[in-house]
Protein chains: 2
Amino acid sequence: MTSKVLPQPERDEIRVDAVLQALGEPVRLTIVRALAENPAGVCCGDIELPVTASTRAHHLKTLREAGVLSTHTDGTRRISILRREDLDALYPGLLTGILSAKQ
Amino acid sequence: MTSKVLPQPERDEIRVDAVLQALGEPVRLTIVRALAENPAGVCCGDIELPVTASTRAHHLKTLREAGVLSTHTDGTRRISILRREDLDALYPGLLTGILSAKQ
DNA sequence: TCAGTAGTTCGATCGTCATCGTACTACGAT
DNA sequence: ATCGTAGTACGATGACGATCGAACTACTGA
């Protein structure tokens, strides 16, 4: 059983600037929407994105370092989970508002 | 009485990407917070910002074009107002969530 | 009319970042 | 062991954007 959680900010280290900047990018917003639909977590590579693997990794790192998502290993896979509890506690309504957008 | 509303997107033209990107910048977030505290509107130059007038104008334009705020002239002054009604209708909870951030 | 004030626009600069290909690491299966 | 797969790290590149100063516009008041 080799499961490790990748480094991420604690709840009180999350900055709203960083969160909003992370969310203000189309590809990353797509990732967040996919995670929101799968509260159990999503394997990175399973999200359809119009970018290469390295760019995908870059965006996932950005989101993780901003505190938007959490990633843990599962064999060779990396499972990402939206940090909904933390974000809702810090910015109640923010995620709901964003996810309710039509587009 | 010379009062004109500067060009801005209609409600249905507002894109969540653009809004989030606009909000994901410290100076612009400061502006939004100032506007939130003054629902009647704020004169651009009255917001204390660590940037020059031209940079301030740039940020205000960005926020206006993203649909975050509305600006109308009042003599030589420009009054900016947060488009809270539109944003709340499109992304309920988003503004509240952001503004509830401690920092 | 003329000067002053509020604000924008333009052009330049510089930093950040989205993107890619390549090389690398880690794990599982054979 | 070694091969394949999942994903990251690195370095380069190109685009975008935050910033500034200077020139410009628009309005007010003397």
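Just so it is clear: chains get the letters A, B, ... in the order the sequence lines come, proteins before strands, and each one is counted from 1.
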*Any idea which of D:dA18, C:dT8, C:dC20 is nearest the B:A57 side chain?*
C:dT8
_Under-4.0 Å side-chain N/O to phosphate OP1/OP2 contact, A:T52 with C:dC20_ = yes
*So, A:T71 and A:S80: side-chain donor and acceptor under 3.5 Å apart, yes or no?*
yes
*Indicate, yes or no, whether a donor-acceptor pair under 3.5 Å links the base of C:dG28 to the side chain of A:T76.*
no
*asked:* What I'd like to find out is whether the side chain of B:Y91 reaches to under 4.5 Å of the side chain of B:V16, using heavy atoms alone.
replied: yes
*Of the nucleotides C:dC20, D:dT19, C:dT9, which has the atom closest to the B:E25 side chain?*
D:dT19
*Calculate, to the nearest 0.5 Å, the distance between atoms CG and CD belonging to B:L82 and B:E37 respectively.*
11.5 Å
*Figure out the CD/P separation between A:E65 and C:dT16, and round it to whole Å.*
15 Å
*Give the rounded distance in Å between these two atoms: CD1 of A:I79 and C1' of C:dC27.*
14 Å
_Distance, rounded to the nearest Å, where A:H59 contributes NE2 and C:dC17 contributes C1'_ = 9 Å
*Quick one: A:L63 CG to C:dA18 C1', roughly how many Å, whole number?*
13 Å
*Take the protein atom CG of B:L60 and the nucleotide atom P of C:dT8, then report the distance between them rounded to whole Å.*
6 Å
*What nucleotide, of D:dC20, C:dA6, C:dT19, holds the atom closest to the side chain of B:S54?*
D:dC20
*Taking all non-hydrogen atoms of both residues into account, name the closest pair between B:S70 and B:V5 and its distance.*
OG-CG1, 4.2 Å
_Whole-Å distance separating the CG atom of B:L6 from the P atom of D:dC27_ = 12 Å
_Below the 4.0 Å mark, does C:dT16 have OP1 or OP2 next to a side-chain nitrogen or oxygen of A:Q21?_
no
*So what does A:H58 touch, heavy atoms closer than 4.0 Å: a base, only the sugar-phosphate, or nothing?*
base
_Nucleotide nearest A:C44 when distance is taken to its side chain, options D:dG7, C:dA6, C:dT19_ = D:dG7
*Taking NZ from A:K61 and P from D:dA9, how many angstroms apart are they, rounded to a whole number?*
5 Å
*Per B:R77 side chain, nearest of listed nucleotides D:dT8, D:dG17, C:dA6*: C:dA6
*What integer distance in Å separates B:D74:CG from C:dA6:P?*
13 Å
*Between A:R28 and C:dA18, is there a side-chain N or O to OP1/OP2 distance below 4.0 Å?*
yes
_Quick check against the 3.5 Å criterion: does B:E10 have a side-chain atom that pairs as donor or acceptor with the backbone of B:D12?_
no
